There are 2 protein chains.
Amino acid sequence: MTSGQPSVESSTAITLEQPSLEAACDAIAAGIDREALVTIFGHCTVEYDGRASSTLEAGDRHVMVKPDGTTLVHTDEGQQPVNWQPPGCEHEVYCEDTEETASETTLVLESQRSTPEEHLLVQFERVLQVSTFSGTDETDLTLSGTEADLRTRILENPDLLEPGFTPLATERTTPAGAIDIYGEDTAGRTVVVELKRRRVGPDAVGQLRRYVDALERDLHADASLRGILVAPSVTDRASRLLGEHGLEFVSLEPPSDSQ
Amino acid sequence: MTSGQPSVESSTAITLEQPSLEAACDAIAAGIDREALVTIFGHCTVEYDGRASSTLEAGDRHVMVKPDGTTLVHTDEGQQPVNWQPPGCEHEVYCEDTEETASETTLVLESQRSTPEEHLLVQFERVLQVSTFSGTDETDLTLSGTEADLRTRILENPDLLEPGFTPLATERTTPAGAIDIYGEDTAGRTVVVELKRRRVGPDAVGQLRRYVDALERDLHADASLRGILVAPSVTDRASRLLGEHGLEFVSLEPPSDSQ
DNA sequence: AACTTAATATCGCCG
DNA sequence: CGGCGATGTTAAGTT
């Protein structure tokens, strides 16, 4: 970028329609080179090899290549890409003669990384569109209604958990991991609180149980130690597990935007 | 598809560059209407409200609207969309005068669903490109190297777990859930096997422990019952937990493509 | 870099 | 539709 001049049109979108594979190749390479976001729509096959292996026969798909090294292959269905490569990958694009018939050519997009070794191969036999996008996005997402928000809510108003509850520490460490909230009830009993922002299953009970067990061992406590799971609601099986292990449940939701 | 005739051009890509907001609106509406995959690149703000809430200030982003009701908002960084809406949503698109100054107009894309109630609002103040894609993708992804493949590998060669192991059932149900593999060792002791395709932490130990406990209660067994966690490797803390609960570990990887 | 946990997790299966 | 667990989970925070 140049100096303090009021920025010229910094957002651009350049599109090729029905390009030859060679023209598409050049446009994609140029886009990657100047760190643009590149999209390709065309008829392609996809192969992945790394943590697992996958193949995808020829079909029409939308491929997005980001300047941070991300690759996403989307079909017309599903929230998740059918294939992908995470940020930090090296991209390579070239045209290649098909092995069987030297008369046919394919456009190949490769994306690979190490740790772990992973490789994605997209082979286009036809490209309907190539676009390169440049733009700016300085802003960060602000998100609320998370587990951190639920913790804040309880710390600001401990009576929500139960009247007289006194928080003593957050993220208190035990051999089993960090306790969300550690405190005392009116009777002076130690309370271990595990927070979940949404309906909980058996996993959360196991987690709370590990913390209570670890803390009991840590404190050599013969006195009773309470474990409370805080979430909007609880499944049947988890509720039974709580009972079996002498643990408690309190229904609380994370604060919404307006609250 | 029609008969043996070489198929007519069924894949299409239609693009508008630098459209007016009204033209963009029409193109998007038309694309959604004929069940195309629609992409929009432009300067926009995004608001989400539902399971959580989020806002995103104005910036250049790539929005993809799929015919199955999915919406994805991507920036130039990250594998994950910065905002999204899952399949099954209803889309709506329209132009609207900005509240403050009636002279300014915005293009609004709404995507919403119920159960749970969720709403996504994308407001464009400028659109650089709109594209609509139609195509076919009949094929399914074939994936290998999954937990199911690991199970198959052990069932075909039980000695991999330990010499003389005899699988008796897969997915045997207990009150705590389904056991991956249920079998017997050479001494006739019941064995509960929990499979993980990658390195395991404390969660997996808790899961195995629940299964073993549930099965012991189910069988009223006074005889010893073994629990074996099978994974490529195990973390320190999980290893200690295994020891504390009298559970075992066997190192095995899911088969790779060539094996 | 390894470990642990949260997530608007997503997705598929099954009851 | 809810419960449950796998995922090429991904992503973030801490050690």
Side-chain angles (χ1 to χ4, degrees), chain A residues 48-54 70 77-87 113 115-120 141 143-151 171 173 176-180 194-204 207 210-211 233-239 254 256-257, chain B residues 46-54 70-71 73 77-87 113-120 141 143-151 171 173-174 176-180 194-204 207 210-211 233-239 254 256-257:
Chain A
Y48 160 78
D49 196 59
R51 288 170 291 177
S53 303
S54 76
T70 301
E77 287 184 352
Q79 177 173 348
Q80 292 307 119
V82 65
N83 274 115
W84 69 92
Q85 201 69 303
R113 69 161 176 167
T115 57
E117 196 71 39
E118 287 187 297
H119 191 87
L120 185 72
L141 185 78
L143 180 66
S144 67
T146 65
E147 184 180 297
D149 294 321
L150 176 57
R151 181 173 60 231
E171 319 241 331
T173 57
I179 295 172
D180 284 338
E194 173 65 23
L195 306 175
K196 294 293 170 189
R197 68 172 305 283
R198 59 174 199 170
R199 187 173 177 83
V200 291
D203 286 4
Q207 203 176 332
R210 289 204 308 275
Y211 296 152
S233 61
V234 61
T235 66
D236 264 3
R237 189 171 287 170
S239 182
S256 65
D257 229 7
Chain B
V46 187
E47 290 174 57
Y48 160 77
D49 196 60
R51 289 168 291 178
S53 304
S54 76
T70 301
T71 303
V73 182
E77 286 185 352
Q79 176 174 346
Q80 295 304 124
V82 64
N83 275 116
W84 68 92
Q85 201 68 302
R113 68 159 175 169
S114 24
T115 56
E117 197 70 38
E118 288 187 297
H119 192 87
L120 184 72
L141 185 77
L143 180 67
S144 66
T146 64
E147 184 179 299
D149 294 321
L150 176 56
R151 181 173 61 230
E171 319 237 332
T173 56
T174 74
I179 295 171
D180 284 338
E194 172 65 24
L195 306 175
K196 296 292 172 188
R197 69 174 305 283
R198 60 174 198 168
R199 186 172 177 83
V200 289
D203 286 4
Q207 202 177 331
R210 288 204 308 275
Y211 296 153
S233 61
V234 61
T235 66
D236 262 5
R237 189 173 287 169
S239 182
S256 66
D257 228 7

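Note that the coordinates shown come from a computational prediction; the quantities given were computed from them, not determined experimentally. So you know, we letter chains A, B, ... as the sequences are listed, proteins then strands, and number each from 1.
- Residue contacts shown for B:Arg210 are limited to sugar-phosphate atoms, with no base heavy atom under 4.0 Å away.
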Using a cut-off of 4.0 Å between protein heavy atoms and nucleotide atoms, how would you tag nucleotides 6-15 of chain C 5' to 3' with B, S and -?
SSBSSS----
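- At the heavy-atom level, A:Ala204 lies nowhere under 4.0 Å from the strands shown.
- At a cut-off of 3.5 Å, with distance as the only test, a side-chain donor of B:Tyr48 or B:Glu118 sits close to an acceptor on the other residue.
- For D:dC1, the OP1/OP2 oxygens have a side-chain nitrogen or oxygen of B:Thr115 closer than 4.0 Å.
- Residues satisfying the side-chain contact (heavy atoms from CB on, under 4.5 Å) test with A:Thr146, not counting sequence neighbours, are A:Leu143, A:Ala148, A:Asp149.
- Shown here are the side-chain hydrogen bond (donor to acceptor under 3.5 Å, both in side chains) partners of B:Arg237, two or more places apart in sequence or in another chain: there are none.
- Whole-Å rounding puts the B:Arg237 CZ to D:dT14 C1' distance at 11 Å.
- When the side-chain contact (heavy atoms from CB on, under 4.5 Å) test is applied to A:Gln79, the partners found at least two apart in sequence or on another chain are B:Thr70, B:Leu72, B:Trp84, B:Pro86, B:Pro87.
- The CG-P distance, from A:Asp149 to D:dA12, rounds to 16 Å in whole Å.
- The separation of C:dA7 from D:dG5, taken at their C1' atoms, amounts to 16 Å, rounded to a whole angstrom.
- One can place CG of B:Asp203 at 13 Å from C1' of D:dA6, the figure rounded to the nearest angstrom.
- Looking at residues two or more places apart in sequence or on another chain, you find a side-chain contact (heavy atoms from CB on, under 4.5 Å) between A:Asp203 and B:Arg210.
- Separating the CZ atom in B:Arg51 from the CD atom in B:Glu117 is a distance of 12.0 Å, to the nearest 0.5 Å.
- Every residue was checked against the side-chain hydrogen bond (donor to acceptor under 3.5 Å, both in side chains) condition with A:Arg198, not counting sequence neighbours, and none meets it.
- Rounded to a whole angstrom, the distance from the P atom of D:dA11 to that of C:dC11 is 15 Å.
- Per the geometry, CZ belonging to B:Arg199 stands 8 Å off C1' belonging to C:dA2, to the nearest Å.
- Contact annotation: B:Tyr211 side-chain N/O to D:dC4 OP1/OP2 distance is not under 4.0 Å.
- Rounded to whole Å, the P atom of C:dT5 lies 22 Å from the corresponding atom of D:dG8.
- Using a 4.0 Å heavy-atom cutoff across all strands shown, B:Ala238 reaches no nucleic acid atom at all.
- C:dT8 sits 22 Å from C:dT4 when the P atoms are compared, rounded to a whole Å.
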